[in-house]
Amino acid sequence: MDLLYWIITALIKLFDVVAPAGNPADVVNVRMQNDMRLPVAQRVGYRHVFHGLATIVRVEGVLALYRGLQANIPRSILINIGQVACYDQAKQGVLSTGILKEGVALHFLSSFIAGTMATTLTQPVDVMKPD
């Protein structure tokens, strides 16, 4: 089988398991960003991420940290496919043209291409994420 197939399959399986670990920070991040849009009387005013985590657990319970997990799993899969698999493919593609050789410029260009692909892949899922 193709290497890209195995990379994608491994990432999907890995991030089905690992995605829940980052979800609490994402919940706090989304809430801190949305807090500014609320009227002053409705703002929570988390001082930092740890204050946000503690406040959510104290007020809403631990399970509130896992809201939106169903949207974060596919997002994690897509962003990592975009970053890891596309980086390798971009690097091999640029190397095959002979324009760049191994070095900082090659890694920068490959990273730029991979980041663009990761953003493009995850943008639809990010738009659909619940608050």
Side-chain angles (χ1 to χ4, degrees):
M1 289 260 166
D2 182 51
L3 177 62
L4 182 59
Y5 168 81
W6 288 111
I7 290 172
I8 291 171
T9 302
L11 287 171
I12 289 171
K13 293 190 182 303
L14 176 65
F15 286 97
D16 277 346
V17 176
V18 177
N23 204 74
D26 192 56
V27 168
V28 174
N29 181 35
V30 169
R31 289 188 182 192
M32 288 175 80
Q33 289 175 350
N34 288 335
D35 204 38
M36 304 173 3
R37 299 178 189 160
L38 296 173
V40 176
Q42 294 178 357
R43 291 183 185 171
V44 179
Y46 301 136
R47 294 187 301 267
H48 46 76
V49 70
F50 299 111
H51 178 247
L53 289 168
T55 302
I56 291 170
V57 169
R58 188 178 65 251
V59 174
E60 302 173 52
V62 174
L63 291 179
L65 296 174
Y66 295 94
R67 289 197 180 124
L69 181 60
Q70 68 281 2
N72 266 342
I73 289 174
R75 180 183 176 276
S76 294
I77 291 167
L78 291 172
I79 199 162
N80 283 285
I81 289 170
Q83 288 176 333
V84 177
C86 292
Y87 174 85
D88 290 338
Q89 293 295 309
K91 184 177 174 186
Q92 290 306 316
V94 173
L95 278 173
S96 70
T97 66
I99 296 171
L100 293 175
K101 294 184 180 187
E102 188 68 40
V104 174
L106 173 65
H107 292 289
F108 179 82
L109 181 58
S110 301
S111 296
F112 180 81
I113 293 168
T116 301
M117 288 305 299
T119 301
T120 303
L121 287 170
T122 59
Q123 198 276 334
V125 177
D126 276 342
V127 171
M128 295 186 312
K129 272 178 43 177
D131 289 340

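- Nearest heavy-atom pair across Val62 and Tyr66 is O-CD1, 3.7 Å.
- Closest approach of Gly45 to Asp35, counting heavy atoms only: N-OD2, 2.8 Å.
- Using a 4.5 Å heavy-atom threshold, the side chains of Val27 and Asn23 count as touching.
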Practice item. Evaluate side-chain contact (heavy atoms from CB on, under 4.5 Å) for Leu65 paired with Val57, printing each intermediate quantity in order. Key: CA-CA 7 Å; Leu65 296 174; Val57 169; 3.5 Å; yes
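- Grouping the Ile, Leu, Val, Met, Phe, Trp and Tyr side chains by contacts below 4.5 angstrom, directly or via other members, places Leu100 with Ile113.
- Ile56 approaches Arg31 most closely through the heavy-atom pair CG1-NH1, 3.5 Å.
- The salt bridge (Lys or Arg N to Asp or Glu O under 4.0 Å) pairs that include a residue from residues 76-88 number zero, where partners must be two or more places apart or lie in different chains.
- Across all their heavy atoms, Gln83 and Ala118 have their closest contact at CG-CB, 3.8 Å.
- Contacts of His51 classified as side-chain contact (heavy atoms from CB on, under 4.5 Å), with partners at least two apart in sequence or in another chain: Tyr46, Arg47, His48, Thr55.
- Residues Ala90 and Ser110 share a closest heavy-atom pair of C-OG, 4.1 Å.
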Exercise for review: Could you please spell out the steps behind the side-chain contact (heavy atoms from CB on, under 4.5 Å) verdict for Glu102 and Lys91?
Suggested key: CA-CA 9 Å; Glu102 188 68 40; Lys91 184 177 174 186; 3.4 Å; yes
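- Thr122 contributes atom OG1, which lies 10.5 Å from atom CE of Met117 (distance to the nearest 0.5 angstrom).
- With Leu109 as the fixed residue, the side chain to side chain contact (heavy atoms under 4.5 Å, CB included) test singles out one of Val94, Val104, Ile99: Val94.
- Val59 and Leu53 are assigned to two separate hydrophobic clusters, defined by single-linkage of ILVMFWY side chains at heavy-atom distances under 4.5 Å.
- By the criterion of side-chain heavy atoms lying less than 4.5 angstrom apart, applied directly or through intervening Ile, Leu, Val, Met, Phe, Trp or Tyr residues, Val44 is grouped together with Val28 in one hydrophobic cluster.
- Between Glu60 and Arg67, the closest side-chain pair of non-hydrogen atoms falls below 4.5 Å.
- Here CG of Leu69 is found 10.0 Å from CG of Asp26. Values are rounded to the nearest 0.5 Å.
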